[in-house]
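Owing to the predicted nature of the structure, the values given are computational and were not obtained by experimental measurement.
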Amino acid sequence: MCRDSASLLTMKETDREAVATAVQRVAGMLQRPDQLDKVEQYRRREARKKASVEARMKAAIQSQLDGVRTGLSQLHNALNDVKHIQQSLADVSKDWRQSINTIESLKDVKDAVVQHSQLAAAVENLKNIFSVPEIVRETQDLIEQGALLQAHRKLMDLECSRDGLMCEQYRMDSGNTRDMTLIHGYFGSTQGLSDELAKQLWMVLQRSLVTVRRDPTLLVSVVRIIEREEKIDRRILDRKKQTGFVPPGRPKNWKEKMFAILDRTVTTRIEGTQADTRESDKMWLVRHLEIIRKYVLDDLIIAKNLMVQCFPPHYEIFKNLLSMYHQALSTRMQDLASEDLEANEIVSLLTWVLNTYTSTEMMGNVELAPEVEVSALEPLLSPNVISKLLDKYMSTLTFNIIAWLRKALETDKKDWNKETEPEADQDGYYQTTLPAIVFQMFEQNLQVAAQISEDLKTKVLVLCLQQMNSFLSRYKDEAQLYKEDHLRNRQHPHCYVQYMIAIINNCQTFKESIVSLKRKYLKTEAEESLCLSQPTMDGILDTIAKEGCGSLLEEVFLDLEQHLNELMTKKWLLGSNAVDIICVTVEDYFNDFAKIKKPYKKRMTAEAHRRVVVEYLRAVMQKRISFRNAEERKEGAEKMVREAEQLRFLFRKLASGFGEDADGHCDTIVAVAEVIKLTDPSLLYLEVSTLVSKYPDIRDDHIGALLAVRGDASRDMKQTIMETLEQGPTQENPNYVPIFKEIVVPSLNVAKLLK
């Protein structure tokens, strides 16, 4: 009653909504007066729509009614089926309860069936059982003939018969070990045949790289046999889950053994490439590594191109062989690294491991691409082992470089005492072979280090520069001893001057070679960290060259000593040709000094010029002569001026290739001569003042000595000049190079000079 009322209310509500919707639609269609003419048209259109909607609704309702009718029919049928099944299950249950006793009474029949099955299997295998000895002989013959596939087929038949009998016995009575032992003993030769066949397979696999080229079918046969055995292993293991029985000798795991054999073969091949020892051949390691490289590359190319065709794809034979070779090489390299290797052997090993192995000469070879990815290969040696080898190499190299440098210096020292002149370079400068030997040695070691790594190259360069520093200190000491030995006996060595020139030139060669070496082997960013050693070496080389030039000038002035002592003496005034001899001697020496390289020859010429002038002025200050009158003073002063010009001409000539001013020092002699030449004593103070202002390092004792040489200055005049000069200090020129500073006046104090 309530449900009917609710339905009625719902229908009324629906009618109202429909009327409201219709009114809204009609209002929308009749918004303009001209649309009233179309009312009939609108009515017909809406009538058609209504008829269409009603037809679709009727069809939908009819379809739903048909579906409900069908569903009810199926439910009715299902109910009948359930009742039928329920009745059938009840009948089965009743029959089963009645047949329990009948099943128990058939136990004897069941046992008879099992026995019959076993006897049937025995009868079926009887022929094979009686033919076992014959099959064993045939199988043995086939193995000896190399017919491995046929031999394996017969072996499989034997094993199948044995395994079938043993399996049936196990199922019938698993605890009866006597019968199992009897069967196993009867088929005892089977295991021996299996082992013999396995030996033949392993022999073929050991020579697989040769076999695959000469007789690939043999290798394919071996792989087929192994694959058969793998399938049998899998079948037996699956059967074990059901029966619990596993035949003797199973699983054989021949595939696993195959890879083990290949692994041992690869290891033996790598280790067997060492044909020599260090005692028989110094290049044993280089030869050993080269043989390894060639063998491994050839083997992998064969494996990639030929062996992969003889193995199933899932064996991944090339990938496995590559891994075996890599592991064998890693083990071999570690063994070699643990030996007491020499420096060159360490270099050979590291070069091979770090560079050759991944280069196009080996694993990066185009014939191995794309299967071999060099970037994916693990390092042959661990970083720790490489670090230890590098440390050992650096230690050994340090010792060797020290020894080589010491030997090179000893050899060079022997040359210094030769009776023949040293060789000259292409420009005519004397030199010895020492720089070439030293830097050739450095170059060789740096080139070797560069083959290993940039880091090692830098370390070796640092080591070379450090040892070069120490070596130059020893070189400096030996050059000094060479000079001292010569001074004890100036007749020995015969070519002292020439070899001292060569030593000086070597300094310039060393400088240039060091710069060249650093430029060649250092990167820009590493330059700053290593350039600190350069000034030290430059300083030592400059010191060696300076001392060498000094010793040569000392040689010159030892020969000039007698003639320098004649200057400013009575003999000199009367017409001595001491300056002529001095000029000739200096020029003669400097003809030899032309073999000195320009930087040092330039400094040496300037120093010779300065020292000659200093010695001349020293002769003046030693008061070897005191002029008696104006005539002598004039004559002496003019002679001094002439000799100054003579010296000026000489040193201009010697310095002509350097663009240097060679006049400054000789002007000092002229200035002193002007003081001596002055005829009016009243102007003496002015002349001396001019001299002092021009040469601010001139001292009172120098002036006193100069006035003493004049011979006409009274005591009061000397006193006045001295006091006046002391009261008016001159302002020194910052560019002035002292020349009087090192001239020592003989020990006469000013008071004595004034008397």
Side-chain angles (χ1 to χ4, degrees), residues 401 404-409 411-413 415-416 421-450 457-458 460-480 482 498-524 526-552 592-607 657-660:
I401 287 178
W404 291 332
L405 290 174
R406 185 179 294 112
K407 183 177 180 181
L409 183 54
T411 303
D412 205 55
K413 281 168 57 182
D415 292 343
W416 296 352
E421 294 183 355
E423 296 179 358
D425 63 12
Q426 65 272 20
D427 297 319
Y429 298 119
Y430 284 139
Q431 64 176 6
T432 66
T433 57
L434 182 62
I437 292 173
V438 169
F439 282 94
Q440 183 181 9
M441 176 189 65
F442 287 170
E443 280 274 358
Q444 290 173 351
N445 284 286
L446 284 166
Q447 289 172 2
V448 167
K457 181 192 71 175
T458 304
V460 171
L461 179 57
V462 171
L463 173 63
C464 291
L465 294 176
Q466 289 172 345
Q467 295 305 320
M468 187 67 186
N469 230 342
S470 303
F471 167 75
L472 290 178
S473 296
R474 293 196 299 273
Y475 190 51
K476 174 177 171 291
D477 295 339
E478 294 297 338
Q480 181 63 27
Y482 183 55
Q498 289 81 0
Y499 277 99
M500 185 56 73
I501 291 173
I503 291 172
I504 294 169
N505 289 337
N506 284 350
C507 294
Q508 182 64 21
T509 305
F510 276 129
K511 275 188 176 184
E512 294 169 354
S513 299
I514 291 169
V515 171
S516 174
L517 202 67
K518 292 176 73 173
R519 185 183 299 115
K520 182 176 180 180
Y521 290 101
L522 274 184
K523 294 181 179 178
T524 305
E527 189 76 38
E528 295 181 3
S529 62
L530 295 175
C531 64
L532 295 177
S533 60
Q534 184 72 31
T536 306
M537 285 187 283
D538 284 352
I540 296 173
L541 289 168
D542 285 340
T543 301
I544 296 171
K546 183 178 180 181
E547 291 179 355
C549 291
S551 66
L552 291 178
D592 291 336
F593 297 163
K595 304 288 187 178
I596 299 176
K597 289 186 176 180
K598 191 172 182 179
Y600 299 123
K601 184 182 176 185
K602 176 181 176 181
R603 280 179 273 181
M604 192 172 178
T605 304
E607 179 61 18
F658 308 133
E660 291 288 312

Which atom pair, heavy atoms only, marks the closest approach of [X] to [Y]?
{"X": "Ala408", "Y": "Ile437", "result": "CB-CG2, 4.1 Å"}
{"X": "Ile504", "Y": "Ala545", "result": "CG1-O, 4.1 Å"}
{"X": "Gly428", "Y": "Lys595", "result": "O-CD, 3.1 Å"}
{"X": "Ile544", "Y": "Cys507", "result": "CG2-SG, 3.5 Å"}
{"X": "Met604", "Y": "Ile596", "result": "SD-CD1, 3.4 Å"}
{"X": "Ala594", "Y": "Tyr429", "result": "O-CE2, 3.8 Å"}

Worked check of side-chain contact (heavy atoms from CB on, under 4.5 Å) between Phe439 and Thr509: CA-CA 10 Å; Phe439 282 94; Thr509 305; over 6 Å; no
Side chains of Thr536 and Asn469, donor plus acceptor under 3.5 Å: no
Quick check: do [X] and [Y] have side-chain heavy atoms less than 4.5 Å from each other?
{"X": "Arg474", "Y": "Ser470", "answer": "yes"}
{"X": "Asp538", "Y": "Lys511", "answer": "yes"}
{"X": "Phe510", "Y": "Met537", "answer": "no"}
{"X": "Ser551", "Y": "Met500", "answer": "yes"}
{"X": "Phe442", "Y": "Tyr521", "answer": "no"}
{"X": "Pro599", "Y": "Gln508", "answer": "yes"}
{"X": "Asn506", "Y": "Tyr430", "answer": "no"}

Test log, rule side-chain contact (heavy atoms from CB on, under 4.5 Å), inputs Gln480 and Glu547: CA-CA 8 Å; Gln480 181 63 27; Glu547 291 179 355; 3.7 Å; yes
side-chain hydrogen bond (donor to acceptor under 3.5 Å, both in side chains) evaluation trace for Asp412 with Thr432: CA-CA 7 Å; Asp412 205 55; Thr432 66; 3.0 Å; yes
Euclidean distance, [Y] [atom2] relative to [X] [atom1], rounded to 0.5 Å:
{"X": "Phe471", "Y": "Leu409", "atom1": "CZ", "atom2": "CG", "value": "5.0 Å"}
{"X": "Leu541", "Y": "Leu472", "atom1": "CG", "atom2": "CG", "value": "4.5 Å"}
{"X": "Gln498", "Y": "Leu552", "atom1": "CD", "atom2": "CG", "value": "9.5 Å"}
{"X": "Lys597", "Y": "Glu512", "atom1": "NZ", "atom2": "CD", "value": "5.0 Å"}
{"X": "Leu461", "Y": "Asn445", "atom1": "CG", "atom2": "CG", "value": "11.5 Å"}

Main-chain N/O of Gln431 paired to Asn505 side chain as donor or acceptor, under 3.5 Å: no
Polar side-chain atom of Asp425 near backbone of Asp427 as donor-acceptor pair, under 3.5 Å: yes
More than 12 heavy atoms of other groups within 6.0 Å of Glu423 CD: no
Ring geometry between Tyr475 and Trp416 (parallel below 30°, tilted from 30 to 60°, perpendicular above 60°): tilted
side-chain contact (heavy atoms from CB on, under 4.5 Å) partner of Val460, chosen from Ile401, Leu446, Val448: Leu446
Derivation of the side-chain contact (heavy atoms from CB on, under 4.5 Å) call for Glu443 and Lys520: CA-CA 10 Å; Glu443 280 274 358; Lys520 182 176 180 180; 3.3 Å; yes
Steps toward side-chain contact (heavy atoms from CB on, under 4.5 Å) verdict (Lys413, Tyr482): CA-CA 9 Å; Lys413 281 168 57 182; Tyr482 183 55; over 6 Å; no
